[in-house]
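Only a predicted model underlies this, so the values are computations on that prediction, with no experimental measurement involved.
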Amino acid sequence: MRALLKKLDQEAAAQEGRPVLLIYTNVRSVSEMGDAFDGLTNLRAIRRKRHFVVIANAAARELVQD
């Protein structure tokens with residue numbers, strides 16, 4: 001999973017100016033993924049809940065209202 005996230009993170013960099021949002025879900029708990037979402041350069045977590053994590057690039061983060 002970490003390798004896939006790193007690849008998606010690199011591809012998100014190539015989408016500069018285009019919003020990229022990814023949602024990871026888990027029916028038990030996303031904490032099972034440990035720190036897999038940490039260390040990404042272009043994609044950052046914008047929402048963390050028990051059953052899902054939303055990660056987004058800078059263009060998408062600009063669109064999200066808190």
With sequence neighbours left out, what residues match Q10 under side-chain contact (heavy atoms from CB on, under 4.5 Å)? none
Going by side-chain hydrogen bond (donor to acceptor under 3.5 Å, both in side chains), name the residues that satisfy it together with R44, two or more places apart in sequence or in a different chain. none
Connected hydrophobic set around Y24, excluding itself, where side chains approach under 4.5 Å: M1, L4, L5, L8, V20, L22, V30, M33, F37, L40, L43, V53, I55
For residues 21-36, which residue pairs qualify under salt bridge (charged side-chain N to carboxylate O under 4.0 Å, His left out), counting only residues two or more places apart or in two chains? R2-D35, R28-E32
Does D38 come within less than 4.0 Å of K6, counting only side-chain N to carboxylate O? no
Would you say the side-chain atoms of H51 pair up with the backbone N or O of S29, donor to acceptor, closer than 3.5 Å? no
Which pair of heavy atoms, one from L21 and one from A56, lies closest together, and at what distance? CD2-CB, 3.4 Å
Which residues pass the salt bridge (charged side-chain N to carboxylate O under 4.0 Å, His left out) test with K49, sequence neighbours left out? none
If I compare all heavy atoms of A13 with all of N42, which pair ends up nearest, and what's the gap? CB-ND2, 3.3 Å
For E11, give me all partners under salt bridge (charged side-chain N to carboxylate O under 4.0 Å, His left out), at least two apart in sequence or on another chain. K7
With no hydrogens and no angle check, is any side-chain donor or acceptor of D9 less than 3.5 Å from a backbone partner on T41? yes
According to side-chain contact (heavy atoms from CB on, under 4.5 Å), who are the partners of T25, at least two apart in sequence or on a separate chain? I23, F52
Which residues pass the side-chain hydrogen bond (donor to acceptor under 3.5 Å, both in side chains) test with Q15, not counting sequence neighbours? R18
